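Okay, so here's the structure we're looking at.
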Amino acid sequence: MKIKDNTYIISGGVSGLGAAVCDMILENGGNAIIIDINEIKGNNSNKKATYYIGDVADYSSIENIINSIYSDSNQIAGLINCAGIGPAKRVVGRAGAGPIDFFQKVIHVNLIGTYNLIRLVAAHMQNNRSDMDEERGVIINTASIAAFDGQIGQAAYAASKGGIVSMTLPLAREFARMGIRVMTIAPGIFETPLMENFSPEVKQSLIDQTIFPKRLGQPLEYASLVKEIIQNTMLNGEVIRLDGSIRMNSK
């Protein structure tokens, strides 16, 4: 799939990994459509994108946004799901069992929000004109190394990201007849707004657990992998860890 002159939807495209993907799409001659709960920030590249305010956990609102997008554009080449939250909470604390609504919220945003966008976009994407490989579109999801190495307090987050990992191959198999590829990236510890909640000591601990390079990942590195996935049609049904070989400790 080529990027130039094609249109891509990026959820969570205002900041962090999503913003880097948006910039990459625009810099390579593509069109970017951002869906994000936050108001657009003062990034010159993002100002060139089409922007929709939407909460991926508000499923009916997202469906209205997708319908609106397709009323203006008949062909969306790709969907890159970057929206998500990363809170931590123990299942059982000193006061007893933790609140069930915490788990539900993380699952609703990270897993069901991703699934909802996939089903809505793929339903339209199957009608795209195919290219020389009979490809009609590509879907790239964002999981996390927590899906494999979840730490104490990350049960909800790890479950939500593990669900994204687990549905990658079934989706790729189902969508093959439509000419749609499905890939997932599992990032390690990246320099994103989520990291702003961590103390310098916690950040350094995570860097120390990274094999090489000994630093936080940069959003541009995530966007670079997204670019390769879009352009390399043989990449399908796989989860790629982008993490400097970090294997996180229990806490």
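Since this is a predicted model, take the numbers as computed values, not measurements.
Smallest separation of non-hydrogen atoms from V109 and A57: CG2-CB, 3.8 Å. Residues A49 and I34 approach most closely at CB-CD1, 4.0 Å, considering heavy atoms. Across every non-hydrogen atom of C22 and G13, the tightest pair is CB-O, 4.3 Å. When every heavy atom of M178 is checked against every heavy atom of A122, the shortest pair comes out as SD-O, 4.4 Å. Between A143 and V165 the shortest heavy-atom distance is CB-CG2, 3.7 Å. The two atoms that bring F190 and P219 nearest to each other are CD2-N, 4.0 Å, heavy atoms only.
Considering only heavy atoms from C-beta on, T192 stays 4.5 Å or farther from L216 through its side chain. Using a 4.5 Å cut-off on side-chain heavy atoms (C-beta onward), I85 and N110 make contact. Using a 4.5 Å heavy-atom threshold, the side chains of I118 and M167 count as touching. Counting only heavy atoms from C-beta outward, the side chains of Q154 and R90 never approach each other to under 4.5 Å. Counting heavy atoms from C-beta on, the side chains of I76 and Y70 come closer than 4.5 Å. Taking the side chain as every heavy atom from C-beta outward, Y8 and N31 never approach each other to under 4.5 Å. When side chains are defined from C-beta on, L206 counts as touching M248, because their heavy atoms get closer than 4.5 Å. Taking the side chain as every heavy atom from C-beta outward, Q75 and T7 never approach each other to under 4.5 Å.
The 12-atom threshold is not exceeded at NZ of K4, counting heavy atoms of other residues, nucleotides or ligands nearer than 6.0 Å. In this structure, R173 places its CZ atom where only 12 or fewer heavy-atom neighbours from other residues, nucleotides or ligands lie under 6.0 Å away. The number of heavy-atom neighbours closer than 6.0 Å to OH of Y115, taken from other residues, nucleotides and ligands shown, is 12 or below.
Not one N or O on the side chain of K89 forms a donor-acceptor pair closer than 3.5 Å with the backbone of G98. At distances below 3.5 Å, at least one donor-acceptor pair connects side-chain atoms of S144 with backbone N or O atoms of A146. Side-chain atoms of S205 do not come within 3.5 Å of backbone N or O of E201 as any donor-acceptor pair. Remark: the backbone N or O of N64 is not paired with any side-chain donor or acceptor of S68 at under 3.5 angstrom. The backbone N or O of D133 sits less than 3.5 Å from a side-chain atom of D131, completing a donor-acceptor pair. Judged by distance alone, the side chain of N236 and the main-chain N or O of V182 form a donor-acceptor pair under 3.5 Å. The backbone N or O of C82 lies less than 3.5 Å from a partner atom in the side chain of S11, making a donor-acceptor pair. Listed for the Q209 side chain is a donor-acceptor partner under 3.5 Å among the backbone atoms of N249. Remark: the backbone N or O of V138 is not paired with any side-chain donor or acceptor of R181 at under 3.5 angstrom. Listed for the D36 side chain is a donor-acceptor partner under 3.5 Å among the backbone atoms of V14.
L169 and L171 are members of different hydrophobic clusters when ILVMFWY side chains are connected at heavy-atom separations under 4.5 Å. At a threshold of 4.5 Å between side-chain heavy atoms, the hydrophobic network of Ile, Leu, Val, Met, Phe, Trp and Tyr places I180 and I9 in one connected group. Cluster annotation: I185 and I25 are assigned to the same hydrophobic cluster (Ile/Leu/Val/Met/Phe/Trp/Tyr, side-chain heavy-atom contacts under 4.5 Å, transitive). Both L111 and V121 belong to a single network of hydrophobic side chains, linked directly or stepwise wherever heavy atoms of I, L, V, M, F, W or Y lie under 4.5 Å apart. When the side chains of ILVMFWY residues are joined at heavy-atom separations under 4.5 Å, either directly or via intervening members, L17 and L117 end up in two distinct hydrophobic clusters.
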(request) Would you check, one step at a time, whether the test side chain to side chain contact (heavy atoms under 4.5 Å, CB included) holds for D243 with T210? (result) CA-CA 8 Å; D243 62 4; T210 304; over 6 Å; no
(request) Would you please test T142 and Y222 for side chain to side chain donor-acceptor pair (under 3.5 Å) and show each step? (result) CA-CA 10 Å; T142 305; Y222 177 92; 2.5 Å; yes
(request) For side chain to side chain contact (heavy atoms under 4.5 Å, CB included), just list the numbers for I66 and I35, CA-CA rounded to whole Å, side-chain angles, deciding distance to a tenth of an Å, and then say yes or no. (result) CA-CA 10 Å; I66 296 301; I35 301 175; 4.1 Å; yes
(request) Run the numbers on R241 and D149 for salt bridge (charged side-chain N to carboxylate O under 4.0 Å, His left out), then give the verdict. (result) CA-CA 12 Å; R241 290 183 64 134; D149 307 337; 3.0 Å; yes
(request) Test E238 against T184 for side chain to side chain contact (heavy atoms under 4.5 Å, CB included), laying out the working first. (result) CA-CA 6 Å; E238 187 57 88; T184 293; over 6 Å; no
(request) Show your reasoning for whether side chain to side chain contact (heavy atoms under 4.5 Å, CB included) applies to I107 and I112. (result) CA-CA 6 Å; I107 295 295; I112 304 178; 4.2 Å; yes
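With rounding to the nearest 0.5 Å, the separation of CZ in R136 from CZ in R177 is 10.5 Å. Taken to the nearest 0.5 Å, the CD1 atom of I230 stands 9.0 Å off from the CE atom of M1. Taking CG from L120 and OH from Y59, the interatomic distance works out to 12.0 Å, rounded to the nearest 0.5 Å. Once rounded to the nearest 0.5 Å, the distance linking CD of Q151 with OG of S250 reads 7.5 Å. Interatomic distance, N232 CG to M183 CE, rounded to the nearest 0.5 Å: 8.5 Å. Interatomic distance, N81 CG to T114 OG1, rounded to the nearest 0.5 Å: 4.5 Å.
The side-chain contact (heavy atoms from CB on, under 4.5 Å) test applied to D58 returns D55, S60, S61, not counting sequence neighbours.
Side chain to side chain, Q204 and D208 meet the donor-acceptor criterion of an N or O pair below 3.5 Å.
Taking a cutoff of 4.0 Å between a charged side-chain nitrogen and a carboxylate oxygen, E221 and K227 do not qualify as a salt bridge.
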